[in-house]
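Here's the structure, in structure tokens; my notes come after.
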Amino acid sequence: MANTVTFLRFCLLFLIIGLLYGAPPAWRLVNAPLVVLVIALDALDGYLARRRGETSVFGSVFDIAVDRAVENVLWIVLADVGRVPIWAPVVFVTRGAFVDSIRSHAVADGETPFGMMRGSLARLLVGGRFLRAFYGTLKALTFGLLLFLEPMPELLPDFWHRWSASLESLTWSLVLITVILCVVRGVPVLWEFVQREAAPRRTESRPRRRGTA
């Protein structure tokens, strides 16, 4: 059931893209509630997995893969239509490439993507429910507002002319905060990976003590 919800989120992503590029301005207003639904379903699939005992490495990896697809595709598309600067998707794609590569290494060793975190701060920032919920809420607000405002220049040109400067300042602030939090949550994954990989080499390079006679 949880994986079905995750797959539904993936399908809704492409519905949003289809509406964004092919629908009249009034129809594109539905993209804002749709993207909020996509992000809200992320919390639902995790709840269902825990509630129904469906947690698995596959489910965890599938969920993260869809999360990454939703994030990266939406940032790229919003940059393409001129709603966000190009550096935003560049940061997200780069961070995702490094973090997901490390997570795949952990999964190959039998660990879950969130269970691989060892330090208390790392677990809080990366796997903590509060931070994950806050990050999800922030993404829903940011993407929802960006997609709601996207058709406004065509739909309500007078309104857009009057309020565009203030609204764009608000959206830029949300984009910046979202990008910063994305990077902050990625740093512990990189840091712990470097520490784990360096530890065996430090042990091997440490000289052995000779026993006393």
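Under the 4.5 Å side-chain heavy-atom criterion for Ile, Leu, Val, Met, Phe, Trp and Tyr, Val84 and Ile177 are members of the same hydrophobic cluster. Hydrophobic clustering (ILVMFWY, side-chain heavy atoms < 4.5 Å, transitive): Trp27 and Ile16 are in distinct clusters. A chain of hydrophobic side-chain contacts below 4.5 Å, direct or via other Ile, Leu, Val, Met, Phe, Trp or Tyr residues, connects Val175 to Val184. Criterion: ILVMFWY side-chain heavy atoms under 4.5 Å apart, direct or through other members. Under it, Phe7 and Leu74 are part of a common hydrophobic cluster. Criterion: ILVMFWY side-chain heavy atoms under 4.5 Å apart, direct or through other members. Under it, Leu78 and Phe14 are part of a common hydrophobic cluster.
Rounded to the nearest 0.5 angstrom, Leu20 CG and Asp80 CG are separated by 8.5 Å. Between Arg185 atom CZ and Ile180 atom CD1 the span is 14.5 Å, to the nearest 0.5 Å. Atom OG1 of Thr6 and atom CG of Asp42 lie 7.5 Å apart (nearest 0.5 Å). To the nearest 0.5 angstrom, Leu156 atom CG is 14.0 Å from His161 atom NE2. Here Arg83 contributes atom CZ and Leu145 contributes atom CG; the two are 8.5 Å apart, rounded to the nearest 0.5 Å. Taking CG from Leu12 and CD1 from Ile39, the interatomic distance works out to 11.5 Å, rounded to the nearest 0.5 Å.
Counted within 6.0 Å of CZ on Phe159, heavy atoms from surrounding residues, nucleotides or ligands total more than 12; the atom is thus considered enclosed. The 12-atom threshold is exceeded at CH2 of Trp87, counting heavy atoms of other residues, nucleotides or ligands nearer than 6.0 Å. Other residues, nucleotides and ligands contribute more than 12 heavy atoms inside 6.0 Å of the OH atom of Tyr21. Within a 6.0 Å radius of CZ in Phe10, other residues, nucleotides and ligands contribute 12 heavy atoms or fewer.
For Phe148, the side chain to side chain contact (heavy atoms under 4.5 Å, CB included) partners two or more places apart in sequence, or in a different chain, are Leu29, Ala32, Met152. When the salt bridge (charged side-chain N to carboxylate O under 4.0 Å, His left out) test is applied to Glu71, the partners found at least two apart in sequence or on another chain are Arg68, Lys139.
Listed for the Arg9 side chain is a donor-acceptor partner under 3.5 Å among the backbone atoms of Val38. When atom types are taken as modelled, the side chain of Arg95 and the backbone of Cys182 share a donor-acceptor pair closer than 3.5 angstrom. Panel note: side chain Ser166, backbone Trp163; no donor-acceptor pair is recorded below 3.5 Å.
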Item to check | Full working for side-chain contact (heavy atoms from CB on, under 4.5 Å) between Leu8 and Thr4 | outcome: CA-CA 6 Å; Leu8 175 62; Thr4 302; 5.8 Å; no
Next on the checklist: Checking Leu141 against Thr137 for the side-chain contact (heavy atoms from CB on, under 4.5 Å) test, could you report, in this order, the C-alpha distance in whole Å, the side-chain angles of both residues, the deciding distance, and whether it holds?
Outcome noted: CA-CA 6 Å; Leu141 180 61; Thr137 302; 5.6 Å; no
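For the pair Phe92/Thr178, a side-chain contact is recorded, criterion being any heavy-atom separation below 4.5 Å from C-beta on. Looking at heavy atoms from C-beta onward, Pro157 lies out of side-chain contact with Trp160 at the 4.5 angstrom threshold. A heavy-atom distance below 4.5 Å is not found between the side chains of Leu174 and Leu146.
Taking all atoms of both residues into account, the shortest heavy-atom contact from Leu13 to Ala69 is CD2-O, 3.8 Å. Annotation for Ile86 and Ala79: closest pair CD1-CB, 4.1 Å, computed over non-hydrogen atoms.
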